Amino acid sequence: MVAGRDLATLPKAHLHLHFTGSLSVPTLVGLADARGIDLPEQLVDSIALDVPADKRGWYRFQRFYDIARAAVQGEDALRTVVRSAAAEDAAEGSRRLELQVDPTSYAASVGGLQPALEIILDEAVSASRETGVQVGIVVAASRIR
């Protein structure tokens, strides 16, 4: 019989993690507070899975995601998202993180698409160095734009 290995000690990779969706509730609350955004209780109650099936759905999800995305504006916020995601993954034993981002959602707050991507990529390099987690960025594009 082969002895089992402790899953907590195995290397991990976190693939296709959505940029704003990577935020922990405390980090989201901090970013929202900095922008003066009041978040709905349902977005920060940490029990989203307790929503009854008949109350779930794409439009509800999208509305909450858009509210969260509004809190992620400006260079500091973009850097916070990358840094926080890398630190949380490092704490969980991840060696690789792929953040998926559509930069059009954040471009206006930093002067355009190119600055948004440069900030995110620069922070990915810094976060990789600081956490030991290799942070990759997958750039997405809207099919309807």
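Bear in mind the structure is a predicted one, so any value in this text is a computation, not a measurement.
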Notebook entry, point to check: CD of Q114: more than 12 outside heavy atoms within 6.0 angstrom?
Noted result: no
Check: Near R35 CZ, under 6.0 Å, is it more than 12 heavy atoms from other residues, nucleotides or ligands?
Finding: yes
Please tabulate, for side-chain N and O atoms in residues 128-135, each donor-acceptor pair with protein atoms closer than 3.5 Å (sequence neighbours left out).
| residue | atom | partner | partner atom | Å |
| --- | --- | --- | --- | --- |
| S128 | OG | A124 | O | 2.8 |
| S128 | OG | V133 | O | 3.2 |
| S128 | OG | V135 | N | 2.9 |
| T131 | OG1 | A127 | O | 2.7 |
| T131 | OG1 | V133 | N | 3.1 |

Check: E98 and H14: side-chain contact (heavy atoms from CB on, under 4.5 Å), yes or no, with the steps?
Finding: CA-CA 6 Å; E98 286 184 2; H14 201 163; over 6 Å; no
Next item on the list: Begin from the C-alpha positions of R95 and D89 and carry the test salt bridge (Lys or Arg N to Asp or Glu O under 4.0 Å) through to its verdict.
Entry: CA-CA 8 Å; R95 293 187 183 170; D89 271 30; over 6 Å; no
Next item on the list: Check the pair L28 / L43 against side-chain contact (heavy atoms from CB on, under 4.5 Å), numbers first and verdict last.
Entry: CA-CA 10 Å; L28 173 59; L43 191 58; 4.1 Å; yes
Note to self: Students often mix this up, so state it plainly: with edges at 30° and 60°, are the rings of H16 and H18 parallel, tilted or perpendicular?
What the structure shows: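 Perpendicular.
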Is there a side-chain contact between [X] and [Y] (heavy atoms, below 4.5 Å)?
X: L23; Y: V72; answer: yes
X: Q42; Y: R60; answer: yes
X: I137; Y: F19; answer: no
X: Y106; Y: I119; answer: no

Margin query: Tell me every residue that passes salt bridge (charged side-chain N to carboxylate O under 4.0 Å, His left out) with R69, counting only those two or more places apart in sequence or in another chain.
Written below: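 R69: salt bridge (charged side-chain N to carboxylate O under 4.0 Å, His left out) contacts with D66.
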Checklist line | Minimum-distance pair of heavy atoms, taken over all atoms of E75 and V110 | finding: N-CG1, 3.5 Å
Next item on the list: Start with the C-alpha distance between R83 and E123, add both sets of side-chain angles, then the distance that settles salt bridge (Lys or Arg N to Asp or Glu O under 4.0 Å), and finish with yes or no.
Entry: CA-CA 7 Å; R83 190 177 329 108; E123 193 61 34; 3.3 Å; yes
Check: Does A90 offer a backbone N or O that forms a donor-acceptor pair with the side chain of S94 under 3.5 Å?
Finding: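 Checking the backbone N and O of A90 against the side chain of S94, no donor-acceptor pair under 3.5 Å is found.
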Notebook entry, point to check: Given L31 and T80, is the side-chain contact (heavy atoms from CB on, under 4.5 Å) satisfied, shown in steps?
Noted result: CA-CA 9 Å; L31 291 173; T80 295; 4.3 Å; yes
